[in-house]
Visitor: 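Below you'll find the structure I mean.
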Amino acid sequence: MKTIELRPDQPFDLDLTLSCGQAFRWEKTNGWWRGVVDGRAVRIRQDGSRLMFEGADDGFVRDYFRLDQDLPAILSSIDRDAAIGAAIRECRGLRLVRQPPWECLISYLCATNTNIPAVKRRVALMAERYGRPVDGPSGRAYAFPGPEALAGVPHGDLWDCKLGYRTNYVREAAGYAAEHPDWAERVAALPFEEARQALMQLRGVGPKAADCVLLFAFGFFEAFPVDVWIRRIVGEMYLPDLGKNCTPAEYERIRRFSRDYFGEYAGYAQEYLYCARGPARRAA
DNA sequence: CGCCAGGCTGTGC
DNA sequence: GCACAGCATGGC
């Protein structure tokens with residue numbers, strides 16, 4: 001068992017961070033969060049200012065949870081009005097984790113027009129069936145399968161992972177990534193808008209999925225993914241003349257406004273607004 | 001049952 | 001350029 005003593009001036013809330021819907025492979029049972037990240041089967045819990053964990057080293061935990069990122073400075077930079085201020089007070093300590101690009105890409109490919117529990121099931125099924133088994137402190141788990149593994153899965157078998165119409169998108173992305181193993185490095189090296197366009201070349205990856213991958217995996221904190229919840233919230237709070245559904249032009253307007261309004265960490269504002277929305281605030 | 005969900009693609013105008 | 005159907009699946 002390893003521990004990290006959190007700095008008192010750097011808030012961190014493990015439950016909010018892992019339950020807010022940014023990452024799909026964490027489950028909490030008996031007070032412990034269990035998940036698999038980059039082939040590591042991790043078990044972690046928070047007791048006040050102390051993080052206790054197994055299955056990963058200190059450096060990995062600090063990196064994954066971005067514990068060295070100055071959260072109070074970020075939150076004060078996006079704290080532009082009473083509405084976002086309330087979300088910040090409600091979710092203080094939520095940090096954007098650094099997700100592995102490949103798993104993040106496939107996760108958000110599987111997250112179109114669906115809900116979070118269904119995404120978690122799809123990702124879990126792919127891992128259990130095609131991922132490498134990893135024996136960790138809490139039994140057997142499965143790494144998320146790499147591009148080569150997924151590219152070789154017959155269509156019908158991937159379909160059985162409940163991917164539905166997204167099945168071919170995942171297969172095509174896997175084929176592409178298997179052929180271009182440096183795809184993530186190349187995206188990471190691009191300026192934000194170019195990286196965004198590069199991701200959107202993949203079938204099944206539109207503006208929303210691209211923005212999620214840029215934000216959650218590549219650390220482009222100016223990315224502002226607009227799903228139906230965020231569209232609703234931004235419409236109520238900031239752009240009351242928005243239409244009902246989110247056309248490409250409206251998506252563009254919302255993300256441009258939000259980027260300008262909240263600043264270079266607009267992605268944090270997005271996640272705090274999303275997390276503070278009504279339904280999913282089930283205290284883990 | 002119907003409506004909604006971390007949307008996107010293809011088609012038609 | 002914009003609108004609109006269709007889409008698999010599961011929660012509620």
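Computed from a prediction, not measured in an experiment: that's the story for all the values here.
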Visitor: Starting at atom CZ of A:Arg122, determine the distance to atom C1' of C:dG11, rounded to an integer number of angstrom.
Guide: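 A:Arg122 atom CZ is separated from C:dG11 atom C1' by 12 Å.
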Visitor: Quick check, are the ring centers of A:Tyr130 and A:Tyr142 under 6.0 angstrom apart?
Guide: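 Ring centres of A:Tyr142 and A:Tyr130 not closer than 6.0 Å.
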Visitor: Between A:Gln10 and A:Asp70, do the side chains contain an N or O donor and an N or O acceptor separated by less than 3.5 Å?
Guide: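 A donor-acceptor contact under 3.5 Å links the two side chains.
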Visitor: Looking at residues at least two apart in the chain, or sitting in another chain, which of them share a ring pair (Phe, Tyr, Trp, His ring centres under 6.0 Å) with A:Tyr265?
Guide: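 Testing A:Tyr265 for ring pair (Phe, Tyr, Trp, His ring centres under 6.0 Å), a comparison that skips the adjacent residues, returns A:Phe221.
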Visitor: Shorter than 3.5 Å, N or O on both sides, protein versus nucleotides 7-10 of chain B: list them out with atom names.
Guide:
| unit_1 | atom_1 | unit_2 | atom_2 | d |
| --- | --- | --- | --- | --- |
| B:dG7 | OP2 | A:Ala111 | O | 2.7 |
| B:dG7 | OP2 | A:Asn113 | N | 2.4 |
| B:dG7 | OP2 | A:Thr114 | N | 3.1 |
| B:dG7 | O5' | A:Asn113 | N | 3.4 |
| B:dG7 | O4' | A:Asn113 | N | 3.3 |
| B:dG7 | N1 | A:Asn113 | ND2 | 3.2 |
| B:dG7 | N2 | A:Tyr165 | OH | 2.6 |
| B:dC8 | OP1 | A:Gly206 | N | 3.1 |
| B:dC8 | OP1 | A:Gly206 | O | 3.2 |
| B:dC8 | OP1 | A:Lys208 | N | 3.1 |
| B:dC8 | OP1 | A:Ala209 | N | 2.8 |
| B:dC8 | OP2 | A:Lys208 | N | 3.4 |
| B:dT9 | OP1 | A:Gly204 | N | 3.0 |
| B:dT9 | O3' | A:Arg203 | NH1 | 3.4 |
| B:dG10 | OP1 | A:Arg203 | NH1 | 2.5 |

Visitor: Measure from NZ or CZ of A:Arg45 to the centre of the six-membered ring of A:Phe53 and say whether it is under 6.0 Å with the direction within 45° of the ring axis.
Guide: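 That pair does not qualify as a cation-pi contact.
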Visitor: Specify the separation, in whole Å, of atom CZ of A:Arg231 and atom P of B:dC4.
Guide: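 My rounded result for the distance is 13 Å.
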Visitor: Which pairs count as side chain to side chain donor-acceptor pair (under 3.5 Å) when at least one residue sits in residues 170-185 of chain A, sequence neighbours excluded?
Guide: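 Pairs touching residues 170-185 of chain A that pass the test: A:Glu172-A:Arg203, A:Tyr176-A:Arg186, A:Asp182-A:Arg186.
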Visitor: Detail all sub-3.5 Å separations between protein N/O atoms and N/O atoms belonging to nucleotides 1-5 of chain C.
Guide:
none

Visitor: Please state how far atom NZ in A:Lys162 lies from atom P in C:dG11, giving the value in whole angstrom units.
Guide: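 It is 11 Å, rounded to the nearest whole Å.
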Visitor: Please, which pairs that meet salt bridge (charged side-chain N to carboxylate O under 4.0 Å, His left out) have at least one residue in residues 148-164 of chain A, sequence neighbours excluded?
Guide: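 Pairs touching residues 148-164 of chain A that pass the test: none.
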Visitor: Given the P atoms of B:dT11 and C:dA8, what is the spacing between them in whole Å?
Guide: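 B:dT11 and C:dA8 have their P atoms separated by 15 Å.
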Visitor: Distance check: side-chain N/O of A:Arg232 vs OP1/OP2 of B:dA5, anything under 4.0 Å?
Guide: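 For B:dA5, OP1/OP2 do have a side-chain N/O of A:Arg232 under 4.0 Å.
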Visitor: Roughly how far, to the nearest 0.5 Å, is the CG atom of A:Leu202 from the OH atom of A:Tyr169?
Guide: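 A:Tyr169 OH to A:Leu202 CG: 12.0 Å, rounded to 0.5 Å.
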Visitor: Can you run down the salt bridge (charged side-chain N to carboxylate O under 4.0 Å, His left out) pairs that involve residues 250-260 of chain A, sequence neighbours left out, and say none if there aren't any?
Guide: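 Those involving residues 250-260 of chain A are A:Glu193-A:Arg255, A:Glu193-A:Arg256, A:Asp241-A:Arg253, A:Glu252-A:Arg255, A:Glu252-A:Arg256.
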Visitor: Hey, is the side chain of A:Trp159 poking within less than 4.0 Å of OP1 or OP2 on C:dT9, counting only N and O atoms?
Guide: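 Yes, because at least one side-chain N or O of A:Trp159 sits under 4.0 Å from OP1 or OP2 of C:dT9.
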Visitor: Remember a base hit wins even if backbone is also touched, and classify A:Glu271 as base, sugar-phosphate or nothing at under 4.0 Å, heavy atoms.
Guide: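 Base contact.
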